[in-house]
Participant: 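If you scroll down you'll find the structure; I have some questions about it.
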Amino acid sequence: MWVNYLKAAMRNLAKQKLLTLINISGLSIGLACSALFILYALNEFNYDRFHPDVNRIFEVYRNTGKIDDPDRSMDTYLPMPLGPAMKTDLVDVEEMVRMRGAWGDEFIRVDGKVGKMPLNFADPSFFRVFNFPILYGNQQHPLQDHNDLVLTRTTAVRLFGQENAVGRTVEIRNGEEYVPFKVTAIFADIPAQSSIQLDALANYELLSETAAGERYQNHWNRSSFQTFVKLVPGSNLAQDQPRLDAFRQKYYPGEEAERRSRGLWDREGIPVTYGLMPMAQIHTNPEFFNGFASPANPETIWLLIAISLGVLIVACINFTTLAIGRSSGRAREVGIRKIIGSKKRHLMFQFIGESVLLSLASALIAILLVNYLLPAFNELANTNIDFNFNRQLLFFLVIGGLTFITGVLAGIYPAMVLSSFEPLKIVQGKLRFSSGNTFTRSLVVFQFVLSTALICATLIILKQLNYLKSSYPGFNKENVVIVNADGVDTRTIGPRFKQNVLAIKGIEGVSGSELSLGEGTGWSRSGWNDGTEERSAYEYFVDPDFLKVMGIELVTGRNFNPEIAADTINSVVVNEAFLRAFNWTPEEAIGKELKGYYESAERVLPRVIGVVKDFHYRPMSEEVSPQLFHQFPDYLPHKYFIRLPSGDPAPYLTAIGKAWDEVANNIPYNYAFLDENLDRFYQSEARWSKIIGWAGGISIFIACLGLFGLSLLSSMSRRKELGVRKVLGADVFALIYVQIRNYFVLVALGILIAVPITWYIMHGWLQHFANRIQVGPGIFFIGAAGSLLLAFVTVLFNSLKEATHSPIEAIQNQ
Amino acid sequence: MPMIQLSNIERYYTTGLQKTWVLRQINLNINAGEFVTIMGPSGAGKSTLLNIIGMLDQPNNGEFLFLDEPVFQMKERHRNELHKQYMGFVFQAYHLIDDLTVYENIETPLLYRKIKKNERQSIIAELLDRFNMVAKKDLFPSQLSGGQQQIVGVARAIAAKPKLLLADEPTGNLHSTQGEVIMDLFKQLHAEGMTIIQVTHSEKYATYGSRIIFLEDGFVRNDERIGS
């Protein structure tokens, strides 16, 4: 029986080549889309599961309650003595490891050659807690001595040109001198699906030897380090909050009482405690910032899957509407089969089987497509998925299931309609066929709702993105080059470099700053208590030229003056947002002291000397936060902002490079453009616009494919009617009009439904942005006109063909 | 006991407020082994009667006993079983499945009756041999002449060994030589014991049978047995 069905199905498909092509191409594109996003989701949800003990590994976080906010905030920057204390006090803790991520690149020297390398620190227990296999060297105690160093295989090859670099020396720059480190082990490259990513690992104990480290050691109020614990099997410590609370109280005995007395805490329980985050959940917990890889938001993942399933549904609908559209061709077969003994069940089976067959064929093509498109997808989604036929068993199971469901979903309605035809009417030729019913028409409408909505959403995201990038951020971001002076002793070299650069003809100004501006350049935020309230501000250490070079406007007061000694001790310039937080007018602000800010016996309280207009030093999507500039003596500039004249920057870049090489012996010259750095703030929006844009484009393409098939079928079945109309005197335009008006109504209806839905959703999305565009009718008009035009062109093709056919032929053929 | 007993069968269509009568007060008994020809002018109700007997259509009034069982009182499943077990159909327009070959067309009713593969093969081989179609078994219907298509139609109708063969103008689309081939086939089948009911316009082909029922305006006007 199956063979019989299969043969009928194959021959039928072969006969309807164009429709089969439309169906298979639509379904395979739809399936490929879903497959990619499912691959993406599986990838994201599988992070860190390569550690065999992943269920026993937890990252410790601090859980801080706030009086005016029901949500507690989590952070993972913890004090140095926490890990050892947990291991001593809590029997469940089998092992702990403290880590410090790389703070930028370190300068290193290998065989006399200077290079750069990010350096992480971890306790020697690192290799006992996590599963990072050691390939060469000391398996038992890699990081035993303070100057031991462990490298990944790739890093070893990069530095030494060979995998086994055990015993070799890497010199790491500390201050002005290079300190030799001995490579004791090489471990396997870290899988992409790991939250912990690093190239080189040094002994955590070393940190406590540095000047800063001594301040942190045994100090419970200085926090800068991640702590992971491995619990004994069967432990319930992660759920046992009272024990964690008791642990916290042991080391911060007066904390609760103090916070309550100061009015910072009035709810039950203790204000600050610890929690244990399961390792496997770290990657998909967006509120959990662990200082390593950036987490993935599960909402985002589900949204992407929903969009890709939407595209798949659009393709399924093509199958359904086309199958209904050509049911007249299959009806006779149904009638005969019924008369010679087929039951309805047999026919349902047969037709659903056909669509499953078609979706299977599409799935094969889809998998080839995925294989081919994966690199492009990785770039689009900023992932690093590899497609491995052995390892992706789950993926193939999911895709297999999805393919089957797709086939059934696409085939069930046509199967129901076809199998319920009454045989007598068919054999007598009494059954009347129309090219679709209300149900299939609403499916077409749905296709255009989804496609138009995605296209309009893309246009809105693009417009918002463009708005963010092109708005004036409150300072002049154009024509500024940032030279990176990390690792350079700018106290001695800085003044000479500035002098050299200013000597280049055309350069408009140079300023040193501690931090750069833009995505991934870091910031420094300080918090203090001024006796009444917790205060916080972003701090920027700058030299007196900064405001001038950046074109930042002064509202009142004055800029730093190199002639005034106090300016390098306690003068600060603040922004308007800072004044709003303190409820000061600009006039009041001048001369005000910042009580509680780094208060100590040897320090003088900072005083406000000037107020600048707010400018967007953080993404434009955020409100401007309080900010303060200072030039206290214990910081060094790490970046130089150089304003070039407009025009070709190339000669200036060369000249600046020369100026750099003259002063910074052997440290590579490294620059970036400020406006490009700032644009990187909006990477995620740019990525979304691409993903949704592609989804919208693909979905409207598939929808138009379906429309093409439908119009083909209906034009063919109306050939006689069109012939008669032509004989009666209809011209080509009239004939095209009668053919396309029905589709026009469907597409227009789809657009009408899509517009309010898109408006509502995108209006919600825009609320995330402090600065946003107004969504007017214009953008919807463009999106709608685009959809309509595409649909029109698609349908026009067949209509035109039929309208120009010879009428005699059409009539005689009947 | 007659195979088919029809008593007071009536069939009409309602169009608007008007009833259009197709069959009126039909009382007929047909015994196993008869070869009945239904004749009459267009619109006399011949095909409707045949479809009612074939359980493809239902009358508005009257009773139909098939092998003493009341057809229209039984459950649809049971009726479908009877239909499947006892009846074969031959159509004026052949109604072969375009996407299946000659062999596969004949095989299809056997598949629905869950007949095993070996048995299917031998049944089909026998039929192909008998109707001289062995060389054409892998051709598609569109590659055959009308007469050949109808031969396949007959072969398919009798493949499952029905007791009753119903043929609605089986020669209507054929020219005379082809028609005679089909009628000779029917005659042979009748001689082997098959009950046949055919509808035809042709006086000549009516004489192949053993009984002629003449319908006019929905009434049976004449019912005569003829010597063969």
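Every chain is numbered from 1 and lettered A, B, ... according to where its sequence line falls, protein lines coming before strand lines. The structure displayed is predicted, hence computed values, not measured ones.
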Participant: Atom CD of residue position B:E63 - does it have more than 12 heavy atoms of other residues, nucleotides or ligands inside 6.0 Å?
Facilitator: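 More than 12 within 6.0 Å, yes.
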
Participant: Any side-chain heavy atom of A:R337 within less than 4.5 Å of one from B:I97?
Facilitator: yes

Participant: Anything in residues 107-120 of chain B with a heavy-atom distance to chain A below 4.5 Å? Please list those residues in order.
Facilitator: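 Within residues 107-120 of chain B, the residues under 4.5 Å from chain A are B:E107, B:T108, B:P109, B:L111, B:Y112, B:R113, B:K114.
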
Participant: Could you please spell out the steps behind the side-chain contact (heavy atoms from CB on, under 4.5 Å) verdict for B:T101 and A:K7?
Facilitator: CA-CA 10 Å; B:T101 63; A:K7 279 180 190 160; over 6 Å; no

Participant: For chain B, find its close neighbours in residues 403-413 of chain A: heavy-atom separation under 4.5 Å, sorted by number, or none.
Facilitator: none

Participant: Got B:L100 and A:R11 here, is their nearest side-chain heavy-atom distance under 4.5 Å?
Facilitator: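 SC-SC contact between B:L100 and A:R11 confirmed.
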
Participant: For B:R77, is it the side chain, the backbone, both, or neither that has a heavy atom closer than 4.5 Å to a heavy atom of chain A?
Facilitator: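 For B:R77, no heavy atom lies under 4.5 Å from chain A.
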
Participant: Would the number of heavy atoms belonging to other residues, nucleotides or ligands and lying under 6.0 Å from CZ of B:F140 be above 12?
Facilitator: yes

Participant: Quick check for you: to the nearest 0.5 Å, what is the distance between A:I340 atom CD1 and B:H95 atom NE2?
Facilitator: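 Going from the CD1 atom of A:I340 to the NE2 atom of B:H95 covers 11.5 Å.
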
Participant: If you count heavy-atom pairs within less than 4.5 Å of chain A, which of B:E81, B:M55, B:K84 leads?
Facilitator: B:K84

Participant: Take a 6.0 Å sphere around CD of B:Q18 and say whether it holds more than 12 heavy atoms from other residues, nucleotides or ligands.
Facilitator: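 No, not enclosed.
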
Participant: Inspect the surroundings of CE in B:M74 and state if more than 12 heavy atoms from other residues, nucleotides or ligands are less than 6.0 Å away.
Facilitator: yes

Participant: To the nearest 0.5 Å, what is the distance between CZ on B:F91 and CD1 on A:I336?
Facilitator: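 B:F91 CZ to A:I336 CD1: 7.0 Å, rounded to 0.5 Å.
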
Participant: May I ask you to say whether B:E76 pairs ionically with A:K344, meaning some side-chain N is under 4.0 Å from a carboxylate O?
Facilitator: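 No salt bridge links B:E76 with A:K344.
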
